[in-house]
Structures are given as structure tokens and as C-alpha cells.
Asks: 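Sharing a structure here in C-alpha cells format.
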2 protein chains.
Amino acid sequence: MLENIKHPTTRNGKATFNLILRAAEMLFLENGYHKTTVADITHKAGVAAGTFYLYFPSKISLYQHLLLDISHTIRKEIASKIKDKTSRRDKEKEGIKAFLEYAIKNPHMYNIIWESFYIDRALFREYYESFSKRYVKGLQAAQAEGEVDDIDLEIVSYVLMGITNFVGLKLILDLGDEPKSVDSVVETIIRILDHGLFQKNA
Amino acid sequence: MLENIKHPTTRNGKATFNLILRAAEMLFLENGYHKTTVADITHKAGVAAGTFYLYFPSKISLYQHLLLDISHTIRKEIASKIKDKTSRRDKEKEGIKAFLEYAIKNPHMYNIIWESFYIDRALFREYYESFSKRYVKGLQAAQAEGEVDDIDLEIVSYVLMGITNFVGLKLILDLGDEPKSVDSVVETIIRILDHGLFQKNA
DNA sequence: TCATAAAGTGAATACCTATTCATATCATAA
DNA sequence: TTATGATATGAATAGGTATTCACTTTATGA
């Protein structure tokens with residue numbers, strides 16, 4: 001399913017390769033996969049149509065490459081932000097904040113990630129499953145320390161991904177108007193994760 | 001942006017109209033919007049290509065019609081299930097359960113709802129914003145009763161939608177293998193909403 | 001029975017776009 | 001300088017698909 005990209009060997013080749021990659025990224029992010037044509041990409045990159053196929057065997061192979069790229073970037077971003085926090089609770093808080101900030105800085109990232117659901121289902125599934133697995137690993141360590149309740153951590157990972165993804169979506173939908181501050185939103189979320197949603201009476 | 005559908009007036013016309021609608025629903029659900037052609041739809045419905053355009057001015061107008069349809073169905077489904085619960089906490093629990101059960105029964109519904117993000121952004125936004133508004137209304141009533149913490153309910157609504165959507169997604173991704181039971185999953189979620197995620201020590 | 005409007009047909013149209021390929025240029029090592 | 005592989009070109013190809021339209025059929029009320 002994964003077609004092989006031909007990486008360039010010369011300085012010029014590498015420059016062209018990156019021009020195409022950056023042009024495609026901007027266009028996919030802006031307009032999505034289906035509304036972006038190969039001609040759009042090569043035009044924006046300033047190269048001929050045929051040049052595209054020197055490096056990428058197909059339009060979808062470029063898309064897959066980009067998705068993996070973005071996926072790694074997000075993970076690294078979050079990992080670097082939480083590595084110096086000690087408690088799981090604080091790691092969670094920082095991780096949520098890092099994700100939301102990334103989302104606001106890259107408001108079209110959903111264009112690439114979610115669209116994979118329709119373009120390459122296996123890739124979509126792999127994206128979230130591997131994200132979940134890494135999440136579970138961190139939560140397990142915390143659970144062993146008694147920091148986290150004894151519950152199904154795989155479901156917890158989807159709960160947490162769902163929260164960050166949808167709240168991030170909300171922030172992005174509001175970008176034109178007056179979006180809430182990331183900090184206030186993180187407070188709301190972490191409050192739920194700290195105490196739950198409902199009032200305790202009696 | 002919303003094109004007008006021409007509703008049939010005769011018994012035969014109505015039957016044909018529905019044949020097209022059902023065929024399209026099945027195909028969009030199964031294969032998504034872009035992979036479904038108008039020819040596929042008319043073939044499955046057993047009518048000629050031109051018949052499609054007697055009722056629907058375009059492929060996308062049919063898609064929009066279906067999305068609104070499904071949206072109403074989900075809401076009614078959830079509303080009917082939670083109406084006899086008294087506490088907000090129990091309403092929430094039943095609502096989550098109803099959504100997840102609907103998702104499992106209609107595993108491709110995301111095909112229509114999420115894809116609108118790429119097909120008709122305004123419709124997507126409207127879908128989630130109106131879902132959120134209704135959610136907030138319910139939560140406000142509960143907040144007035146002191147049942148729910150004093151926090152930003154709009155964010156809470158996206159938190160809750162994120163949880164149900166992503167856990168539903170997880171259940172659907174697992175459908176081929178051995179999916180977890182809806183009840184056990186609901187327990188995990190409600191436990192977080194009841195007490196939070198972390199252990200209280202001291 | 002017949003006029004009429006609604007419903008139905010499906011081949012033709014018109015457009016779009018991913019990919020190919022014959023050809024040309026470039027950079028560099030020998 | 002020159003041979004060579006990498007890089008680059010862009011017109012042509014090939015396949016697909018939403019929509020139209022001139023025409024036919026059907027149902028029904030007068």
C-alpha cells in the first residue's frame with residue numbers, strides 16, 4: 001500500500017523535492033486533498049508537471065508522506081513540552097496545552113489528519129492506534145505509581161484524544177471571531193480530569 | 001449555498017425519490033462521498049441517470065439533505081433515551097450510551113458527518129455548533145440546580161462530544177476484531193466524569 | 001377517450017485531472 | 001573537455017464523471 005518515494009541525491013534535486021513537499025503541504029492544509037490537484041502543487045512549487053513524478057509515484061504517496069511527517073512533528077512537540085513535568089497530572093495538563101497551541105498555530109492540520117479517514121483508512125487507523133499506544137504506556141507507568149485510577153487505559157487514551165481534538169476543533173472554528181484563551185480552556189479541561197464534572201452533594 | 005430539492009408530488013415520484021435517497025445513503029455511508037458517483041447511485045436505485053436530476057439539482061445537494069437527515073435521527077435517538085432520566089449525571093450516562101450504540105449500529109455514520117468537514121465546511125460547523133448549543137442548554141439547567149460545576153459549559157460540550165465521538169470511533173475501528181462492550185466503556189467514561197482521572201492522595 | 005403534467009430515459013456533452021513520455025538540460029567526475 | 005546519470009520539461013494521453021437534453025412513458029382528471 002505504501003509506495004516508495006524516490007529521494008533526490010543532488011543538492012538541486014533536494015531543493016526541488018522540498019519545494020514540492022512544502023507547496024503540497026500548504027495546499028493540502030488549505031484546501032484538502034481532493035480540491036488540490038497535482039497541477040496546483042507543481043505550479044505553486046514552480047516546477048513542471050512531470051517533475052512531480054520524478055520523486056513521487058503518485059499524488060497519494062505524497063499525501064501519505066506528509067501525514068507521517070506531521071504526525072511526528074506533533075508528537076515531538078508534545079513530548080518535549082511534558083518531559084520535565086513529574087506528575088502524570090501535570091504531564092497531562094502540559095500535553096493538552098501543547099496540542100491546543102499546536103492546533104491554533106496550524107489551524108488546518110485537521111485537513112490532513114482527519115481526511116486520511118477517507119483517503120487511506122489504514123493510515124488513519126494506524127495514526128490513532130499508535131498515538132493511543134504511546135498514551136497508554138505513559139498512563140500505565142502512572143497507574144503503577146498509584147497516580148491514576150484503575151480503569152481501562154485504552155479507553156482513557158481515546159477519551160483524552162477526543163477531548164483535545166474536539167476542543168482544538170472548537171478553538172479553530174472560532175479563530176475568525178474571538179477565540180477563548182488556551183489557558184482558560186486548559187483549566188476547564190483539567191478541572192474535569194481532576195474532579196469530574198458533577199457537584200458532589202453529601 | 002443550499003440548493004433546493006424538488007420534492008415529488010405523485011405516489012410513484014415519491015417512491016423513486018426515496019429509492020435514490022436510500023441508495024445514496026448506503027453508498028455514501030459505505031464508500032464516502034468522493035468514491036460514490038451519481039451513476040453508482042442511480043444504478044443502485046434502479047433508475048436512469050437523468051432521473052436523479054429530476055429531484056436533486058446536484059450531487060452535493062443530496063449529500064446535504066442526507067447529512068441533515070442523519071443529524072436529526074441521532075438527536076431524536078438520544079433525546080428519547082434520556083428524557084426519563086432525572087439527574088444530569090444519569091442523562092449524561094444514557095446519552096453517551098445511546099450515541100455509542102447508534103455508532104455501532106451505524107458504523108459508517110462518520111463517513112457522512114466528518115466528511116462534511118471537507119465537502120461543506122459551513123454545514124460541518126453548523127452541525128457541531130447546534131449540537132453544542134443544545135448540549136449547553138441542558139447543562140445550564142443542571143448547573144442552575146447545582147448539579148454541575150461552575151465551569152465553561154461550551155467547552156464542556158465539546159469535551160463531551162469529543163469523548164463520545166472518539167470512543168465511538170475506537171469501537172468502530174475494533175468492529176472486525178473483538179470490540180469492548182458498550183456498557184463497560186460507558187462505565188469507564190462515567191467514572192471519569194464522576195471522579196476525574198487521577199487518584200486523590202491526602 | 002384524451003389532454004396534460006409529472007415522471008422517466010440514457011446517450012451525448014463538457015470538463016477535469018492524474019499520469020506518461022519523448023526530449024532537453026544540468027552538474028560533475030574522470 | 002566530455003561522458004553520464006540525475007534532473008527537468010510540458011504537451012499529449014487516457015480515463016473518469018457530473019450534468020444536460022431531446023425524447024418517451026405514465027397516470028389521472030375532465
Side-chain angles (χ1 to χ4, degrees), chain A residues 1-25 27-28 30-67 115-116 118-120, chain B residues 1-25 27-28 30-67 115-116 118-120:
Chain A
M1 274 294 122
L2 280 179
E3 296 162 288
N4 273 339
I5 286 175
K6 172 139 177 271
H7 288 273
T9 58
T10 71
R11 183 202 308 267
N12 276 350
K14 280 174 187 167
T16 302
F17 181 88
N18 282 320
L19 278 174
I20 293 171
L21 217 49
R22 287 317 123 212
E25 183 175 20
L27 289 166
F28 283 158
E30 193 73 32
N31 308 317
Y33 181 82
H34 284 107
K35 288 182 190 156
T36 300
T37 69
V38 175
D40 290 339
I41 295 169
T42 53
H43 180 254
K44 178 149 200 152
V47 301
T51 306
F52 183 95
Y53 293 92
L54 287 179
Y55 305 109
F56 304 98
S58 63
K59 182 186 171 188
I60 198 167
S61 69
L62 168 55
Y63 171 84
Q64 293 166 333
H65 183 82
L66 268 177
L67 179 60
E115 200 169 14
S116 70
Y118 304 99
I119 297 168
D120 187 332
Chain B
M1 275 295 122
L2 280 180
E3 297 161 287
N4 274 338
I5 286 176
K6 173 141 178 268
H7 289 272
T9 57
T10 70
R11 182 203 308 267
N12 277 351
K14 280 174 187 167
T16 302
F17 181 88
N18 282 320
L19 277 175
I20 293 172
L21 217 49
R22 288 315 125 213
E25 183 175 20
L27 289 167
F28 284 158
E30 192 74 31
N31 307 317
Y33 181 81
H34 285 107
K35 289 182 190 156
T36 300
T37 69
V38 174
D40 290 340
I41 295 169
T42 52
H43 179 255
K44 178 151 201 148
V47 301
T51 306
F52 183 95
Y53 293 92
L54 287 179
Y55 305 109
F56 304 98
S58 63
K59 182 184 169 189
I60 198 165
S61 70
L62 167 55
Y63 171 83
Q64 293 166 332
H65 183 81
L66 268 177
L67 179 60
E115 200 169 14
S116 69
Y118 304 98
I119 296 168
D120 187 331

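The shown structure was predicted, so the numbers you read here are calculated from the model rather than taken from an experiment. Order of the sequence lines fixes the chain letters, A, B, ..., with proteins taken first and strands second; residue numbering starts at 1 for each chain.
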Asks: Looking at A:Tyr55 and A:Gly13, what are the two nearest heavy atoms and their distance?
Replies: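 That would be OH-CA, 3.5 Å.
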Asks: If we only count heavy atoms from C-beta on, is the B:Asn12 to B:Lys14 side-chain gap below 4.5 Å?
Replies: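 Answer no - side chains too far apart.
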Asks: So which heavy atom on A:Ser61 is nearest to which on A:Pro57, and how close?
Replies: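 Answer, listing the atom of A:Ser61 first, then A:Pro57: OG-CD, 3.3 Å.
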Asks: Would you please classify the geometry between the B:His65 ring and the B:Phe17 ring as parallel, tilted or perpendicular, with 30° and 60° separating the classes?
Replies: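 Correct class here is perpendicular.
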Asks: For A:Ser116, does its backbone N or O pair with a side-chain atom of A:Asp120 as donor and acceptor, under 3.5 Å?
Replies: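 Not confirmed, A:Asp120 side chain does not pair with A:Ser116 backbone.
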Asks: For the residue pair A:Glu3 and A:Gln64, what are the closest heavy atoms and their distance?
Replies: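 Closest approach of A:Glu3 to A:Gln64, heavy atoms only: N-OE1, 4.3 Å.
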Asks: Measure from CZ on A:Phe52 to P on C:dC21 and round the result to the nearest Å.
Replies: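 Whole-Å distance recorded here is 17 Å.
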Asks: What closest approach, in Å, do B:Leu62 and B:Ala24 show between heavy atoms, and which atom pair accounts for it?
Replies: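 So the minimum-distance heavy-atom pair works out to CD2-CB, 3.4 Å.
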Asks: Just the table, please: protein N/O against nucleotides 10-15 of chain D N/O, every pair under 3.5 Å.
Replies:
residue: D:dG10; atom: N7; partner: A:Gly50; partner atom: N; Å: 3.2
residue: D:dG10; atom: O6; partner: A:Gly50; partner atom: N; Å: 3.4

Asks: DNA chain D: B:Lys35 or B:Arg11, which has the more 5' nearest nucleotide?
Replies: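 So the residue in question is B:Lys35.
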Asks: If you look only at distance, which donor and acceptor atoms sit under 3.5 Å apart when one is on a side chain in residues 35-44 of chain A and the other is two or more places apart or in another chain?
Replies:
residue: A:Lys35; atom: NZ; partner: B:Tyr118; partner atom: O; Å: 3.3
residue: A:Thr36; atom: OG1; partner: A:Leu27; partner atom: O; Å: 3.3
residue: A:Thr36; atom: OG1; partner: A:Gly32; partner atom: O; Å: 2.7
residue: A:Thr37; atom: OG1; partner: A:Ala39; partner atom: N; Å: 3.4
residue: A:Thr37; atom: OG1; partner: A:Asp40; partner atom: N; Å: 2.9
residue: A:Thr37; atom: OG1; partner: A:Asp40; partner atom: OD1; Å: 3.3
residue: A:Thr37; atom: OG1; partner: A:Asp40; partner atom: OD2; Å: 3.2
residue: A:Asp40; atom: OD2; partner: A:Thr37; partner atom: N; Å: 3.1
residue: A:Thr42; atom: OG1; partner: A:Val38; partner atom: O; Å: 3.2
residue: A:Thr42; atom: OG1; partner: A:Ala39; partner atom: O; Å: 3.1

Asks: Atom NZ of A:Lys14 and atom C1' of D:dT7: how far apart are they, to the nearest Å?
Replies: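 For the pair A:Lys14 NZ and D:dT7 C1', the rounded distance is 14 Å.
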Asks: Rounded to whole Å, how long is the line connecting atom CG of B:Leu19 with atom P of C:dA7?
Replies: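 Rounding to the nearest Å, CG of B:Leu19 and P of C:dA7 are 14 Å apart.
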Asks: Which nucleotide sits closest to the side chain of B:Thr37: D:dT7, C:dA7, D:dA18?
Replies: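 The nucleotide sitting nearest to the side chain is D:dA18.
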Asks: At under 4.0 Å, does any side-chain N or O of A:Thr42 touch on OP1 or OP2 of D:dA8?
Replies: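 Checking A:Thr42 against D:dA8: no side-chain N or O falls below 4.0 Å of OP1 or OP2.
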Asks: Specify whether A:Tyr63 and A:Tyr33 have parallel, tilted or perpendicular ring planes, treating 30° as the upper limit for parallel and 60° as the lower limit for perpendicular.
Replies: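 If you compare the ring of A:Tyr63 with that of A:Tyr33, the planes turn out perpendicular.
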Asks: Which of these nucleotides, C:dC26, D:dA6, C:dA6, is closest to any side-chain atom of A:Asn12?
Replies: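 Given the options C:dC26, D:dA6, C:dA6, the side chain of A:Asn12 is closest to C:dC26.
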Asks: Look at B:Tyr53 and D:dT19 and indicate whether a side-chain polar atom (N or O) is within less than 4.0 Å of OP1 or OP2.
Replies: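 Checking D:dT19 against B:Tyr53, a side-chain N or O does come within under 4.0 Å of OP1 or OP2.
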Asks: For DNA chain C, determine which residues of residues 54-64 of chain B have any heavy atom closer than 4.0 angstrom to one of its atoms, and list them numerically.
Replies: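 Those residues whose heavy atoms fall under 4.0 Å from DNA chain C, taken from residues 54-64 of chain B in numerical order, are B:Leu54, B:Tyr55.
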Asks: Look at the side-chain N and O atoms of A:Thr10 and state whether any lies under 4.0 Å from the OP1 or OP2 oxygen of D:dA6.
Replies: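 No, no such contact exists.
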Asks: In whole angstrom, what separates B:His43's NE2 from C:dT9's C1'?
Replies: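 Answer to the nearest Å: 15 Å.
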Asks: Using the side-chain heavy atoms of B:Thr16, tell me which of these nucleotides is nearest: C:dG8, C:dA7, C:dT19.
Replies: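 So the side chain of B:Thr16 is nearest to C:dG8.
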Asks: Could you give the CG-to-P distance, from B:Asn18 to C:dG8, as a whole number of Å?
Replies: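 Nearest whole value for this atom pair: 12 Å.
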Asks: Roughly how many Å is it from NE2 in B:His34 to C1' in C:dT17, rounded to a whole number?
Replies: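 Result: 13 Å.
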